[in-house]
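This chain uses plain numbering: 1 for the first residue, then up along the sequence.
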Amino acid sequence: LRKNCAIGFVRCANPRDGAPEIIEQVLAALMEAREHPELDYFLMSREAQQQRQEKADLVLALHKSVNEDFSHFSIVIQPIVALETGRIVGGEALLRWSKDGEPLTPAQFIPILEENRLIIPVSKWVLEQAVKACRDILRLRPDFRLSFNISYLQMQDPTFFPYVHEILHRYGVPGDHVSMELTETYFDSMPERMLQMIRDCRGLGISMALDDFGNGYSALQCLFRYPIDTVKIDRSMMKQIQNSKENRQFLKTVIYACHQSGKTVCVEGVETEEELQVVRETECDY
């Protein structure tokens, strides 16, 4: 058996550093070496060490928030609007988190939640908050549907769908008022599990959406391989269709193909009147 050997060393240590600082630097160099076995060498800098320390601080703070009954976590709801009528017909529950009173972007903390598997308990918390919010909104808007994101790790969690069933029953929310979204990157990572998840969703009346289409490898075959209900076009496509008629025509073709296969399409990131006018040309649904 061949095993990788990780070697780390500290060069020209600051003479003012004491033993704890030097040991911390050596351990950081070793960890970097272990995490990058494909590299011939990795030059550890003070900037890299500082980034590692900042990440470690975030990990500790996230663990603390989870253990303290999800303190400093919250959700906001982004409206989903019907293009034809301009009426709010649904929303997407988005996770937010703050550290020391300062809000961080999801791109800063969600990958860390996934790396440390904290996304599993956090996603269950988000699910409950979303279903509670949906229950309250349904009293005012009976046709409202609320969506929320799930992690690829939940596809491997056997307790997830029983928990979904329990939460829907607890708050009296029918499954057809809830939608789950999964980023396109993970759809083809476990195709059999993906198909089973869609079947489980359908069994509870829950619809499934392909999220962030257009941000990543964007394999068109993914649109038709799985019996999903909705395709959400990533907001990065918004700029592309604004600046290029060719991109706009391509998106119209994708939307037409989705409609032909019974899928609805939502374009994300529409925030101005000018963007709305451009999106109207694509003939999307939301």
Side-chain angles (χ1 to χ4, degrees), residues 8 10 14 17-18 20-36 42 44-80 91-134 136-137 146-157 159-160 163-164 167 180-183 185-186 211-212 215-216 232 234-236 268-269 271:
V10 175
N14 190 330
D17 287 342
E21 289 79 13
I22 295 174
I23 291 172
E24 182 180 341
Q25 293 168 27
V26 171
L27 290 175
L30 277 171
M31 290 299 295
E32 288 291 345
R34 287 181 59 187
E35 291 177 11
H36 298 280
F42 180 89
M44 187 69 176
S45 65
R46 289 193 178 273
E47 291 76 15
Q49 185 177 341
Q50 182 178 352
Q51 290 173 4
R52 174 174 283 276
Q53 185 58 52
E54 289 172 354
K55 183 177 179 180
D57 291 343
L58 284 180
V59 172
L60 289 175
L62 285 165
H63 272 284
K64 188 169 185 284
S65 288
V66 170
N67 292 333
E68 293 180 350
D69 199 24
F70 303 96
S71 62
H72 309 297
F73 284 104
S74 62
I75 66 166
V76 296
I77 297 177
Q78 176 175 264
I80 297 175
E92 179 182 356
L94 303 172
L95 180 63
R96 296 291 183 262
W97 181 67
S98 60
K99 180 178 181 290
D100 300 327
E102 293 293 325
L104 279 74
T105 67
Q108 290 175 290
F109 67 85
I110 286 182
I112 296 177
L113 289 176
E114 290 184 334
E115 287 174 20
N116 293 270
R117 301 188 69 84
L118 290 172
I119 196 68
I120 294 177
V122 169
S123 292
K124 287 182 176 179
W125 179 85
V126 170
L127 167 65
E128 182 169 7
Q129 305 312 304
V131 170
K132 284 166 62 177
C134 189
D136 296 339
I137 296 170
L146 189 60
S147 65
F148 60 94
N149 292 281
I150 59 173
S151 166
Y152 72 99
L153 291 173
Q154 287 168 293
M155 294 167 59
Q156 307 168 355
D157 179 10
T159 69
F160 179 64
Y163 185 75
V164 173
I167 291 297
M180 292 187 189
E181 300 182 8
L182 184 66
T183 303
T185 309
Y186 300 117
D211 196 19
D212 295 340
N215 179 25
K232 300 191 75 175
D234 186 71
R235 62 183 300 132
S236 64
E268 297 187 297
E271 298 176 347

How many angstroms lie between atom [atom1] of [X] and atom [atom2] of [Y], to the nearest 0.5 angstrom?
X      : Y      : atom1 : atom2 : result
His72  : Phe109 : NE2   : CZ    : 13.0 Å
Asp212 : Ser236 : CG    : OG    : 8.0 Å
Thr159 : Ile120 : OG1   : CD1   : 7.5 Å
Thr105 : Ile110 : OG1   : CD1   : 9.0 Å
Phe160 : Leu127 : CZ    : CG    : 6.0 Å

Specify the closest pair of heavy atoms between [X] and [Y], including all atoms of both residues, with the distance to one decimal.
X      : Y      : value
Leu182 : Ile150 : CD1-O, 3.3 Å
Leu153 : Glu114 : CD1-O, 3.5 Å
Ser147 : Ile80  : OG-CD1, 4.3 Å
Ala133 : Ile77  : CB-CD1, 3.9 Å
Leu146 : Ala93  : CD1-N, 4.1 Å
Gly101 : Ser98  : C-CB, 4.4 Å

### Query
Between Ser65 and Ser71, is there a donor-acceptor pair closer than 3.5 Å when you use the side chain of the first and the backbone of the second?
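Indeed, once roles are kept as given, a pair shorter than 3.5 Å links the two residues.
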
### Message
With a 3.5 Å distance limit and no angle check, can you tell me whether Asn116 reaches the backbone of Leu118 through a side-chain donor-acceptor pair?
### Response
no

Do [X] and [Y] make a side-chain contact, defined as non-hydrogen atoms from C-beta onward lying under 4.5 Å apart?
X      : Y      : answer
Lys55  : Glu115 : yes
Leu104 : Leu58  : yes
Asp157 : Lys124 : yes
Met180 : Phe148 : yes

### Test log, rule side chain to side chain contact (heavy atoms under 4.5 Å, CB included), inputs Trp97 and Val122
CA-CA 11 Å; Trp97 181 67; Val122 169; over 6 Å; no

### Task
Could you go through the side chain to side chain contact (heavy atoms under 4.5 Å, CB included) check for Asp211 and Glu268 one step at a time?
CA-CA 10 Å; Asp211 196 19; Glu268 297 187 297; 3.6 Å; yes

### Message
Can you pull out every salt bridge (Lys or Arg N to Asp or Glu O under 4.0 Å) where at least one residue sits in residues 91-103? Sequence neighbours excluded, please.
### Response
Glu92-Lys232

### Task
I would like to know whether Arg235 and Glu271 meet side chain to side chain contact (heavy atoms under 4.5 Å, CB included); could you show each step before the answer?
CA-CA 10 Å; Arg235 62 183 300 132; Glu271 298 176 347; 3.1 Å; yes

### Task
Mind running side chain to side chain contact (heavy atoms under 4.5 Å, CB included) on Phe73 and Leu62 for me, showing each step along the way?
CA-CA 9 Å; Phe73 284 104; Leu62 285 165; 3.8 Å; yes

### Message
Using the side chain to side chain contact (heavy atoms under 4.5 Å, CB included) criterion, which residues pair with Gln129? Sequence neighbours excluded.
### Response
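Checked Gln129 against side chain to side chain contact (heavy atoms under 4.5 Å, CB included); matches are Ile75, Trp125, Lys132.
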
